[in-house]
Amino acid sequence: MSYLLDIVLPTHNRAALLVRTLDSLGRLTVPMGVQVHLYVVGNACTDDTPDVVARFATAAPFTVTYLEEPTAGKSYALNCGIRAGRGEWIAFFDDDEAICDNWIEVFERERVALGFDFAGGFYLPEFEVPPPSWLPPRYAPTVISRHTEGTPRQQLDDRSALMWGGNCAIRRSAFDQVGLYREELARHRE
C-alpha cells in the first residue's frame with residue numbers, strides 16, 4: 001500500500017542542533033510505496049534556520065518545505081506543519097533528535113502488524129545543558145526519555161495516554177476527529 005508520510009519538525013533558533021537532526025533525516029531509508037514530505041517549521045526564528053533548511057533541501061532524498069510560524073509556542077508550530085501537509089500519517093521529531101536510519105521501515109512494519117492510530121518510540125536524551133528548571137528532576141527520566149530499548153510494547157488507553165513531542169507518528173484522521181494541538185496551552189517564549 002502506498003501512502004504519504006508528512007514529517008513535522010518544529011524549531012526555534014536552534015540552527016546548530018537542527019543540522020544534526022536534518023542530517024539524520026537525510027539518511028532515512030524510505031520503503032517502496034512511501035512518499036515523504038518534510039515540513040520544517042521555523043517558530044519565530046531569528047537565526048539562520050531558513051538557510052540551514054535550504055542547504056539541506058538541495059540534497060534531501062524527499063521533498064522539504066520550510067514554513068515560518070511567527071507566533072512563538074510549540075503548539076502553534078506543530079499546527080502550522082499539520083495544516084500544511086496532506087499525508088495520511090504525520091511523524092513528529094524535535095530539533096535536537098537524531099533519528100535512526102531505519103525509522104520508517106520499523107514504523108511501516110509495526111503499522112501494518114498492529115493497525116494503530118498513534119505510535120511513539122524509543123529515544124534517549126543527550127543533554128547539552130541541564131534539563132530546564134521547570135522540569136522537576138524526578139520527571140526528567142520519564143518525560144524526556146519515556147521508553148528505552150527493551151521496553152515491551154504498551155497499548156495506551158484514554159486513561160494512560162501520554163503523547164510526547166518527538167519520535168512519534170499519528171494518523172491524520174485522529175486530528176480530524178479531536179482537533180489540533182491546543183494553542184492556548186503552549187509554553188510561550190518571551
Side-chain angles (χ1 to χ4, degrees), residues 3-69 72-82 84-111 119-132 140-141 143-151 163-170 189:
Y3 65 93
L4 174 61
L5 171 68
D6 291 334
I7 297 175
V8 175
L9 177 62
T11 187
H12 173 73
N13 288 341
R14 297 188 352 155
L17 284 173
L18 184 61
V19 169
R20 180 182 72 160
T21 302
L22 292 173
D23 215 33
S24 67
L25 285 169
R27 290 190 302 271
L28 283 172
T29 303
V30 181
M32 287 282 265
V34 179
Q35 285 185 280
V36 176
H37 192 141
L38 170 63
Y39 295 91
V40 180
V41 183
N43 190 211
C45 290
T46 57
D47 66 358
D48 65 339
T49 294
D51 296 332
V52 167
V53 176
R55 282 191 300 272
F56 172 74
T58 63
F62 40 74
T63 304
V64 177
T65 300
Y66 179 77
L67 304 167
E68 182 62 42
E69 171 51 59
K74 188 172 182 181
S75 296
Y76 292 100
L78 292 172
N79 290 344
C80 177
I82 294 166
R86 297 292 171 256
E88 177 184 349
W89 285 93
I90 307 166
F92 298 97
F93 295 107
D94 289 331
D95 60 5
D96 59 355
E97 290 186 73
I99 293 81
C100 295
D101 298 0
N102 67 342
W103 189 93
I104 297 174
E105 293 170 315
V106 171
F107 168 73
E108 178 63 9
R109 181 188 70 221
E110 298 297 303
R111 181 189 73 78
F122 167 65
Y123 58 98
L124 293 174
E126 290 183 29
F127 294 114
E128 293 183 86
V129 297
V143 172
I144 302 296
S145 58
R146 175 89 168 114
H147 293 281
T148 59
E149 194 168 18
T151 300
M163 293 176 59
W164 42 92
N167 191 12
C168 67
I170 302 172
R189 296 177 183 97

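Not measured: the values here are computed from a predicted model. Nothing fancy with the numbering, it's 1 onward along the sequence.
- The main-chain N or O of Gly73 is found under 3.5 Å from a side-chain atom of Asn43 such that the two form a donor-acceptor pair.
- The two atoms that bring Glu97 and Ile99 nearest to each other are O-CD1, 3.8 Å, heavy atoms only.
- Closest heavy-atom contact between Phe107 and Ala169: CE1-CB, 3.5 Å.
- The side chain to side chain contact (heavy atoms under 4.5 Å, CB included) test with Val8 is passed by exactly one of Ile90, Leu38, Asn79: Ile90.
- Under the rule for a side chain to side chain donor-acceptor pair (under 3.5 Å), the partners of Asp95 that lie at least two apart in sequence or sit in another chain are Thr11, Arg14.
- Listed by chain and residue number, nothing satisfies the salt bridge (charged side-chain N to carboxylate O under 4.0 Å, His left out) test with Arg55 (two or more places apart in sequence, or in another chain).
- Here the closest heavy-atom approach between residue Asp6 and residue Gly85 is recorded as OD2-CA, 3.2 Å.
- Legend: residues meeting side-chain contact (heavy atoms from CB on, under 4.5 Å) with Gln35, ordered by chain and number and at least two apart, are Leu4.
- For Leu78 against Pro10, the heavy-atom pair with the smallest separation is CD2-CG, 3.8 Å.
- With sequence neighbours left out, Thr58 forms a side chain to side chain donor-acceptor pair (under 3.5 Å) with no residue at all.
- By the side chain to side chain donor-acceptor pair (under 3.5 Å) test, Asp51 pairs with no residue at all, sequence neighbours left out.
- Between Glu105 and Thr29 the shortest heavy-atom distance is OE2-CG2, 3.2 Å.
- With sequence neighbours left out, the side-chain contact (heavy atoms from CB on, under 4.5 Å) criterion links Val30 to Val34, Val36, Ile104.
- Residues satisfying the side chain to side chain donor-acceptor pair (under 3.5 Å) criterion with Thr49, sequence neighbours excluded, are Asp47.
- Considering only heavy atoms from C-beta on, Phe92 comes within 4.5 Å of Ile82 through its side chain.
- Asp48 is listed as a side-chain neighbour of Val52, based on a closest heavy-atom distance under 4.5 Å.
- Put simply, CG on Leu25 and CZ on Phe93 are 6.0 Å apart, with the number rounded to the nearest 0.5 Å.
- In this structure, CH2 on Trp89 lies 9.0 Å from CD1 on Ile170, to the nearest 0.5 angstrom.
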Compile the donor-acceptor pairs under 3.5 Å between side chains in residues 61-69 and protein atoms, sequence neighbours left out, one pair per line.
unit_1, atom_1, unit_2, atom_2, d
Thr65, OG1, His37, NE2, 2.7
Tyr66, OH, Glu68, OE1, 2.7
Glu68, OE2, Ala44, N, 3.1
Glu68, OE2, Cys45, N, 3.4
Glu69, OE2, Thr71, N, 3.0
Glu69, OE2, Thr71, OG1, 3.4

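- Summarising the geometry, atom CG belonging to Leu18 is positioned 11.5 Å from atom CG belonging to Asp94; distances are rounded to the nearest 0.5 Å.
- For Asp23, the salt bridge (charged side-chain N to carboxylate O under 4.0 Å, His left out) partners two or more places apart in sequence, or in a different chain, are Arg27.
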